[in-house]
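Quantities reported herein were computed from a predicted structural model and do not represent experimental measurements. Each residue takes its place number in the sequence, starting with 1.
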Amino acid sequence: MTKQMTGARMVVQALKDQGVEVVFGYPGGAVLPIYDEIFQQNDIRHILVRHEQGAVHMAEGYARSTGKPGVVLVTSGPGATNAVTGLVDALMDSIPLVVLTGQVPTFMIGTDGFQEADTVGITRPCTKHNWLVKDTAKLSETIHQAFHVATSGRPGPVLIDIPKDVQFATATYTERDKTRISHYQPRKDGDAAQIARLVEMMEQAERPILYTGGGVINSGTRASALLRELVAETNFPITSTLMGLGAYPASGKNWLGMLGMHGLYEANLAMHGCDLMINIGARFDDRITGRVKDFSPHSQKAHIDIDPSSINKVIRVDVPIVGDVTLVLEEVLRQWRARGSKTNKGGLDKWWKQIAEWRAVDCLSFKNSEKTIKPQYALQRLEALTKGMDRYITTEVGQHQMWAAQFLGFEDPHRWMTSGGLGTMGYGLPASIGVQIAHPDALVINVAGEASWLMNMQEMGTAMQFRAPVKQFILNNERLGMVRQWQELLHGERYSHSWSESLPDFVKLAEAFGCKGIKCSDPKDLDDAIMEMIRYDGPVIFDCLVEKHENCFPMIPSGKPHNEMLLGEADTQGVIGAKGAVLV
């Protein structure tokens, strides 16, 4: 196709050529020409959000649950600035997004016109790349380049700022296959010599561990399949970051659970005590490492990552391998099998015996109550009653997020959507809608805290309008739970502004939106209430009243190494060390 068209029509045509099926957005004066073109076609579905931050989080949920880039369309000025939080969230968690923003006409840029903002300046630090397109002849090519940048290498958000006069003007459309993309071709194949070094270390290691992250999931389902092959054939233990859950099945016999600040005892101690750490698609985040100088001090470390800037940024490694996880794992397995598939079986047997002792600590145990719903129990029952279903989980941010990661099991990638790097309160509700739009027949549950959920509660209107039957499972402790926990443990029980007051009646709020509201406060009623939520054919707000002062354990206190953990209330005057003793 080579023909003349307006810039607005170019936008819609480029999205079609990129295979876009859904756009999340909110109209305004600076994007009305594009909205007019959307009105005149039926190939792309538009989801009208209630706030631009919600649009970006919906696109994130859509992208993370499908592997496809999410697309957002918002207007200039406040429309663009409202999208900034979502852009930073997507950048931190490597989520591919293409965000289209309107801008005042080119001749007005810099005049402080109505709803003008320096969108490219504001969003430069929170996108992989952004563009201000002042020439309609370059618009379609720029959009195609944007999709390439968003999805190539380490995925992330990109933004295109489009002045209104560029949308009205006419020029020749550039086809996707004629767009120049050679200037951005990240390295995909890992260095064969470095992979050979890693294979030799795998053969000799006595206490190896695989430390996996969101990069495995971002690389595609083939990467998760290869990871499972590697674990099955080597018998190495495996742990994961918050972002990597589901790449290896929670039911797998080699699974140690999540590691990090609220990770499992056995996972953190195995990371500390290993002699070979193989980092696959993770970035040595501070929630994982704890005190950096004491992080896994006696191990050799390999790091596989497609982003060269992530390697040696936080932790120095012995074997750096830049490349796509899928291609690198293929080569690791090829070389390892070619050399005879050897491991240090004697060392591994001893290592697994040690891990079994750490597992026996049962770090997720808690004292249940017959009178009050413990949040851990609520999630145990949610897991039991939904296990095996076609289920997707999103979360808000806080204690409930960590409990969800601890007590919900994920057997496959793309089933767990949470805000990891930025920790964005208000993420989960809109993200659940994006997931539900992508998977209309699936069970989509947002595990929430009442404070975080209220930040974007207006998106229940979107769920109702577009008949997205998302289930909002709110663990309501009437507190800013994680803030309150830190104040209890680290700030002398001075609860500065961490108690919520004047909370809404969530059942009445649900009725106001036109959806179903359920309230549950008695553990005996919980199973029936959860099943009522699941069976209801439409959006649900579930107000689960839980123990108000329950703390989330295990916990690595701020500034401590990752082998020193609080395991429960009895340990809050000290820290549990590697041998289980209290260190005061």
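Using a distance-only test at 3.5 Å, with no hydrogens or angles considered, no donor-acceptor pair links the side chain of Lys516 to the main chain of Pro539. Although no hydrogens or angles enter the test, the distance criterion places no donor-acceptor pair under 3.5 Å between the side chain of Glu60 and the main chain of Gly434. Counting only distance, with no hydrogens or angles, the side chain of Gln406 and the backbone of His262 share a donor-acceptor pair below 3.5 Å. Side-chain atoms of Thr66 come within 3.5 Å of backbone atoms of Lys68 as a donor-acceptor pair (strictly under, hydrogens ignored).
Around atom CG of Asp177, more than 12 heavy atoms belonging to other residues, nucleotides or ligands sit under 6.0 Å away. Atom NE2 of His497 has 12 or fewer heavy atoms from other residues, nucleotides or ligands within 6.0 Å. Around CZ of Arg467, the count of heavy atoms belonging to other residues, nucleotides or ligands within 6.0 Å does not exceed 12. The 12-atom threshold is exceeded at NZ of Lys313, counting heavy atoms of other residues, nucleotides or ligands nearer than 6.0 Å.
Defined by atom type and a distance below 3.5 Å, a donor-acceptor pair is present between the side-chain atoms of His144 and Gln18. The closest side-chain donor-acceptor pair between Thr326 and Ser219 falls under 3.5 angstrom. Looking only at atom types and distance, the side chain of His414 has no donor-acceptor partner in the side chain of Tyr392 under 3.5 Å away. Judged by distance alone, the side chains of Ser498 and Gln487 do bring a donor and an acceptor atom under 3.5 Å apart. A donor and an acceptor atom, one from each side chain of Thr386 and Arg391, are located under 3.5 Å apart. Side-chain N/O atoms of Gln458 and Asn456 include a donor and acceptor closer than 3.5 Å. A donor atom on one side chain and an acceptor atom on the other are not found under 3.5 Å apart for Thr179 and Glu141. Side-chain polar atoms of Glu396 and Ser452 form a donor-acceptor pair below 3.5 angstrom.
Between Tyr26 and Leu73, every side-chain heavy-atom pair lies at or beyond the 4.5 Å cut-off. Side chains of Val447 and Gln401 form no contact here, defined as non-hydrogen atoms less than 4.5 Å apart. His400 has its side chain out of reach of Pro375: every pair of non-hydrogen atoms, C-beta onward, lies at least 4.5 Å apart. Contact check for Val23 versus Leu15: side-chain heavy atoms found under the 4.5 Å cut-off. The shortest distance between side-chain heavy atoms of Ile122 and Val84 falls below 4.5 Å. Side-chain contact between Trp453 and Met460: present, with at least one pair of heavy atoms (C-beta onward) separated by less than 4.5 Å. Contact of the Glu21 side chain with the Ile44 side chain is not registered, since no non-hydrogen atoms from C-beta on lie closer than 4.5 Å. Using a 4.5 Å heavy-atom cutoff, the side chains of Ile393 and Val435 are not in contact.
Below 30°, between 30° and 60°, or above 60°: for Tyr495 and Trp499 the angle between ring planes is between 30° and 60°, a tilted geometry. Between Tyr184 and His148, the angle of the ring planes goes over 60°, which puts this pair in the perpendicular group of the 30/60° scheme. Between Phe410 and Trp416, the ring-plane angle classifies as tilted under the 30° and 60° cut-offs.
Heavy-atom minimum distance, Ser432 versus Gln472: OG-NE2, 3.3 Å. Taking all atoms of both residues into account, the shortest heavy-atom contact from Val133 to Pro163 is O-CD, 2.9 Å. Minimum heavy-atom separation, Ala14 to Ile143: CB-CG2, 3.7 Å. The minimum heavy-atom distance between Ile304 and Gly323, with the atom names listed, is CG2-O, 4.5 Å. Across all their heavy atoms, Ser500 and Ala451 have their closest contact at OG-CB, 4.3 Å. Between Ile530 and Phe542 the shortest heavy-atom distance is N-CE1, 3.7 Å.
Between Asp43 and Lys16, at least one side-chain N (NZ, or NE/NH1/NH2) sits under 4.0 Å from a carboxylate O, which counts as a salt bridge. Taking the charged nitrogens against the carboxylate oxygens, Asp324 and Arg154 have no contact shorter than 4.0 Å, which rules out a salt bridge. Using a 4.0 Å cut-off between charged nitrogen and carboxylate oxygen, Arg50 and Glu459 do not count as a salt-bridge pair. At a threshold of 4.0 Å, the pair Lys471-Glu532 does not count as salt-bridged, since none of the basic side-chain nitrogens sits closer than that to a carboxylate oxygen.
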Atom pairs and distances, side-chain donor-acceptor, residues 95-104, under 3.5 Å, sequence neighbours left out:
residue : atom : partner : partner atom : Å
Thr101  : OG1  : Ile160  : O            : 3.4
Thr101  : OG1  : Asp161  : OD1          : 2.6
Gln103  : NE2  : Ala117  : O            : 2.9
Gln103  : NE2  : Asp161  : OD2          : 2.8

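In this structure, Phe24 has its ring center at least 6.0 angstrom away from the ring center of His57.
Listed by first then second residue, pairs satisfying salt bridge (charged side-chain N to carboxylate O under 4.0 Å, His left out) with a partner in residues 28-39 read Arg9-Glu37, not counting sequence neighbours.
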